[in-house]
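For reference, the structure is listed below as structure tokens.
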Protein chains: 2
Amino acid sequence: MTGETEFLAGYDPSRYPPVAVTVDVVLLTVRAGRLSVLLVERRGHPFRGSWALPGGFVEPEDDLDGAARRELAEETGVLVSGFGESVALGHLEQLRSYGAPGRDPRMRVVSVAYVGFTSHNEPAVAGSDAADVRLWAIDDLAIAGVGSDDGVPLAFDHAQIIADAIERSRAKLEYTTLATAFLDEPFTLGELRRVYEAVWGETLHEGNFRRKVLSTPGFVEPTGRTAPTDGRPAALYRRGRATRLHPPILRP
Amino acid sequence: MTGETEFLAGYDPSRYPPVAVTVDVVLLTVRAGRLSVLLVERRGHPFRGSWALPGGFVEPEDDLDGAARRELAEETGVLVSGFGESVALGHLEQLRSYGAPGRDPRMRVVSVAYVGFTSHNEPAVAGSDAADVRLWAIDDLAIAGVGSDDGVPLAFDHAQIIADAIERSRAKLEYTTLATAFLDEPFTLGELRRVYEAVWGETLHEGNFRRKVLSTPGFVEPTGRTAPTDGRPAALYRRGRATRLHPPILRP
DNA sequence: ATAATAGTGTCTCTCAGACAGTATGTG
DNA sequence: CACATACTGTCTGAGAGACACTATTAT
């Protein structure tokens with residue numbers, strides 16, 4: 001019947017336009033008080049030698065989130081061998097998709113971008129000049145409205161993707177508890193405040209920040225322990241059960 | 001050289017997995033005080049006879065936004081012939097992408113979903129039993145957490161897409177001026193309030209709503225004219241220049 | 001002692017919710 | 001007149017910004 005032929009027509013692989021689908025991951029962390037992103041150096045054309053987001057093709061068997069986690073695990077594996085430590089992913093969510101014709105000069109590519117948060121507890125980048133994966137502070141990159149104008153240029157439209165990821169992150173910190181995804185447990189309120197300051201690029205009032213965090217039920221839970229600092233020791237907290245902040249902690 | 005061969009390898013169309021990319025549009029409007037979505041009845045398998053979002057393949061020459069506008073224009077054309085009136089799109093933005101394997105039983109399809117707002121000024125749906133495009137009130141549809149459980153089922157994962165679009169819309173009304181995208185100019189504050197009430201599914205206090213809208217510079221601008229209502233005539237406004245609300249108008 | 005960070009208390013201003021009351025149209 | 005909606009004014013409580021002050025460590 002007509003329905004059957006139409007149904008079969010859906011199976012015809014030549015019916016759909018040739019478009020490749022990839023995932024790209026913007027993995028953000030705070031290192032030495034600076035918001036930073038994990039980038040890889042491209043070994044092939046185009047943009048050979050430029051820095052780009054980790055990513056790759058969506059394989060037939062994995063869904064979009066799974067593809068993002070797989071690509072990230074592959075890059076994290078590089079981190080493991082390079083820095084001797086694995087990365088515990090604190091959060092990963094879809095950002096948006098990018099599909100302008102010509103964004104990849106080779107072919108039509110639609111990329112589904114993800115943004116992830118993680119802690120950073122490696123002391124420093126090892127001085128391996130052969131490393132092709134490293135963290136970049138975002139204000140050392142050429143990203144409109146964020147980094148310095150003479151920063152390192154990025155491959156493809158990845159500067160735009162990173163800019164969008166940063167804006168999403170800044171907004172998420174306002175009304176969710178996701179700032180804790182940048183930290184290992186347990187953490188101090190000073191560490192949590194420095195996450196906000198690094199992501200927002202603003203200094204916050206210590207006392208008011210403390211009041212707002214502690215007055216939000218379920219944001220953080222006290223552990224009863226303390227950790228030494230450069231001054232008075234700070235109480236240690238772990239993540240609470242809340243995911244959304246009511247009321248939000250708005251940017252200055 | 002090596003770089004050249006790698007570059008050429010990128011041109012090989014057989015290298016990327018066979019994935020089709022489509023756009024789907026969730027066009028929302030407020031009709032008779034009810035938040036509604038434009039759906040099309042499927043003529044082919046699978047889900048023949050079910051209601052689905054308008055959408056289609058991304059063609060090689062159009063970017064994602066362009067593809068969404070093109071598909072929407074095609075469906076709007078149906079609206080024109082069916083209802084005798086064109087639809088002025090108030091706003092269109094990317095929602096997110098959906099790519100779970102098996103979401104389309106025919107083949108691997110990654111769909112980039114868009115959400116749009118428009119006014120609704122047709123008096124009623126014409127009684128054309130041949131119509132395959134119509135507005136559905138969202139609480140008549142089977143959408144988890146939104147519609148009634150015995151509502152009309154939707155094709156593919158479109159119930160989830162609509163649910164995500166509604167949540168995006170509800171959040172957008174809190175901190176942007178996009179509620180005006182549901183209205184034709186000029187409009188009254190009562191009409192604007194009824195947009196919020198329809199999208200949020202909450203009744204709002206008339207006086208407090210008025211105070212918040214008018215105290216936000218650039219949200220609406222007075223025209224000096226009035227329009228009759230069921231009571232005292234209401235002042236007419238047009239959209240202001242602001243796009244974001246500071247402070248936001250939060251849901252109750 | 002000073003320096004540095006953690007943590008507490010308080011004042012004031014803004015603003016949201018609640019609610020009363022007035023204004024202006026129609027039937 | 002009643003009724004419906006538009007519009008104005010005021011009280012109150014929650015919460016953010018600003019700021020002063022105390023607490024506990026290291027040097």
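Chain naming here is simple, since letters A, B, ... match the order of the sequence lines and numbering starts at 1 in each.
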Checklist entry - What ring pair (Phe, Tyr, Trp, His ring centres under 6.0 Å) pairs are there with at least one residue in residues 207-232 of chain B, not counting sequence neighbours? => result B:Tyr196-B:Phe209
Checklist outcome for this item: So ring pair (Phe, Tyr, Trp, His ring centres under 6.0 Å) across residues 157-180 of chain B, not counting sequence neighbours, yields B:Phe156-B:His158
Rounded to whole Å, how long is the line connecting atom [atom1] of [X] with atom [atom2] of [N]?
{"X": "A:Leu214", "N": "C:dG7", "atom1": "CG", "atom2": "P", "result": "9 Å"}
{"X": "A:Arg210", "N": "D:dC19", "atom1": "CZ", "atom2": "C1'", "result": "16 Å"}
{"X": "A:Leu204", "N": "D:dA16", "atom1": "CG", "atom2": "P", "result": "13 Å"}
{"X": "B:His205", "N": "D:dT10", "atom1": "NE2", "atom2": "C1'", "result": "12 Å"}
{"X": "A:Glu206", "N": "D:dC21", "atom1": "CD", "atom2": "P", "result": "17 Å"}

Give me each pair satisfying salt bridge (charged side-chain N to carboxylate O under 4.0 Å, His left out) with a member in [range], each pair once, sequence neighbours excluded.
{"range": "residues 224-238 of chain A", "result": "A:Glu221-A:Arg238"}
{"range": "residues 207-218 of chain B", "result": "B:Glu206-B:Arg210"}
{"range": "residues 239-248 of chain B", "result": "B:Glu185-B:Arg239"}

Item to check | Of residues 169-178 of chain B, the positions that come close to DNA chain D - non-hydrogen atoms, cut-off under 4.0 Å | outcome: none
Checklist outcome for this item: The correct set of residues in residues 187-202 of chain A placing a heavy atom under 4.0 Å from DNA chain C is A:Gly190, A:Arg193
Heavy-atom side-chain contact between [X] and [Y] under 4.5 Å:
{"X": "B:Leu38", "Y": "B:Thr118", "answer": "no"}
{"X": "A:Thr176", "Y": "A:Thr243", "answer": "no"}
{"X": "B:Phe182", "Y": "B:Glu191", "answer": "no"}

Under 3.5 Å, N/O pairs linking protein and nucleotides 10-17 of chain C:
| residue | atom | partner | partner atom | Å |
| --- | --- | --- | --- | --- |
| C:dT10 | O4 | A:Arg211 | NH1 | 3.3 |
| C:dG17 | OP2 | B:Lys212 | NZ | 2.7 |
| C:dG17 | N7 | B:Arg211 | NH2 | 2.8 |
| C:dG17 | O6 | B:Arg211 | NH1 | 3.1 |

Checklist entry - Does the side chain of B:Asp164 come under 3.5 Å of the side chain of B:Tyr98 through a donor N or O and an acceptor N or O? => result yes
Checklist outcome for this item: Across all chains, not counting sequence neighbours, the salt bridge (charged side-chain N to carboxylate O under 4.0 Å, His left out) partners of B:Asp140 are B:Arg34
Item to check | Sequence-distant partners of B:Arg69, salt bridge (charged side-chain N to carboxylate O under 4.0 Å, His left out), two or more places apart | outcome: none
Next on the checklist: A:His205: which residues meet the ring pair (Phe, Tyr, Trp, His ring centres under 6.0 Å) condition with it, sequence neighbours left out?
Outcome noted: none
Could you list the protein-to-nucleotides 23-25 of chain D atom pairs, N/O on both sides, closer than 3.5 Å?
| residue | atom | partner | partner atom | Å |
| --- | --- | --- | --- | --- |
| D:dA23 | O4' | A:Arg232 | NH1 | 3.0 |
| D:dA23 | N3 | A:Arg232 | NH1 | 3.3 |
| D:dT24 | O2 | A:Arg232 | N | 3.3 |

Next on the checklist: Can you tell me which residue among B:Glu202, B:Glu174, B:Glu197 is in a salt bridge (charged side-chain N to carboxylate O under 4.0 Å, His left out) with B:Arg251?
Outcome noted: B:Glu174
